[in-house]
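What follows is a short report on a single structure.
Values below: every heavy atom of this structure, side chains too, minus hydrogens, waters and symmetry copies. Each ligand, and each atom within it, is numbered from 1 in the order the structure gives. Owing to the predicted nature of the structure, the values given are computational and were not obtained by experimental measurement.
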Amino acid sequence: MKNIVLFGPPGSGKGTQAEVLKDIYNLVHISTGDVFRYNIKNESTLGKLAKSYMDDGNLVPDDVTINMLKAEVEKHPDVHGFIFDGFPRTESQAKALDVFLNEKNEPIKGMVALEVPEDLLVERLLNRGLTSGRTDDQDVSKIRNRFKEYQTKTAVLQDYYAKQNKYFGVNGVGSIEDITERICQVIDKM
Ligand code: ADP
């Protein structure tokens, strides 16, 4: 079983690559951002809770996010593995994920981190905001706040996985196909 974390700042291409990789490796793609947006659309209790945080570009609290993630995993009992996109985003999320997956004897095989310079990220997010309808992609101050959240809470995960020899950086600049190929070279060796 291959459980993989796809990592990188907002706009680095995690969602795009996860959609391609899930077919190549026969994995279930779980995007915490997508699950939150689905809940907001359906006006569920979870959605109402997450909305205020997401609207400002802040992270949703850990307990809410972790419980949601576990519930998503439990929906798929018989699978080859998961590709986690947008989770974990804090050290306590990473620890909770390790405990949860170790209990199942299916630990994370590795984290693939997409590396993209910040200027290009802002450009990509603003472009996405033109067509996606995502309000958090349409406002430079919200985008900057997401980077700040990433730098202060999420970037430490590089160390967390590196200490377990599970961190693999990949150049995230180039065509979608080229980047997929770079990621596959890494996953194939896990
Ligand atoms: P991006 O990575 O491009 O910012 P996502 O769709 O992954 O977009 O996430 C959008 C928003 O959803 C985040 O800004 C945050 O508010 C919330 N979110 C997603 N994943 C998490 C998480 N693991 N922990 C806390 N909040 C999250």
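- Atom CG of Asn58 sits about 11.0 Å away from atom CG of Asp136, to the nearest 0.5 Å.
- With respect to Lys51 and Glu43, no salt bridge is recorded, no charged nitrogen being found less than 4.0 Å from a carboxylate O.
- The two atoms that bring Asp55 and Thr135 nearest to each other are OD1-OG1, 4.1 Å, heavy atoms only.
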Give every pair made of an N or O atom of ligand 1 and a protein N or O atom lying under 3.5 Å apart, one pair per line with both atom names and the distance to 0.1 Å, or write 'none'.
from	atom 1	to	atom 2	distance (Å)
ligand 1	2 (O)	Lys14	NZ	3.4
ligand 1	2 (O)	Arg89	NH2	2.8
ligand 1	3 (O)	Arg128	NH2	2.9
ligand 1	3 (O)	Arg146	NH2	3.3
ligand 1	4 (O)	Arg146	NE	3.2
ligand 1	4 (O)	Arg146	NH2	3.0
ligand 1	6 (O)	Arg37	NH1	2.9
ligand 1	6 (O)	Arg37	NH2	2.8
ligand 1	6 (O)	Arg134	NH1	3.3
ligand 1	7 (O)	Arg89	NH1	3.1
ligand 1	8 (O)	Arg134	NH2	3.1
ligand 1	16 (O)	Asn58	O	2.6
ligand 1	20 (N)	Thr32	OG1	2.8
ligand 1	20 (N)	Gly86	O	3.3
ligand 1	20 (N)	Arg89	NH1	3.0
ligand 1	23 (N)	Gly86	O	2.8
ligand 1	23 (N)	Gln93	OE1	3.0
ligand 1	24 (N)	Gln93	NE2	2.9
ligand 1	26 (N)	Val60	N	3.0

Legend entry - Working for side-chain hydrogen bond (donor to acceptor under 3.5 Å, both in side chains), residues Asn145 and Tyr150: CA-CA 8 Å; Asn145 191 43; Tyr150 180 81; over 6 Å; no

If you look only at distance, which donor and acceptor atoms sit under 3.5 Å apart when one is on a side chain in residues 9-19 and the other is two or more places apart or in another chain?
from	atom 1	to	atom 2	distance (Å)
Ser12	OG	Pro9	O	2.7
Lys14	NZ	Gly8	O	2.9
Lys14	NZ	Pro9	O	3.3
Gln17	OE1	Thr180	N	3.4
Gln17	OE1	Thr180	OG1	2.6
Gln17	NE2	Ile176	O	3.2
Glu19	OE1	Lys22	NZ	3.2
Glu19	OE2	His29	ND1	2.7

Inset, instruction - Dump the intermediate steps for salt bridge (Lys or Arg N to Asp or Glu O under 4.0 Å) on Asp139 and Arg134, then the final yes or no. - result: CA-CA 10 Å; Asp139 179 327; Arg134 276 183 59 172; over 6 Å; no

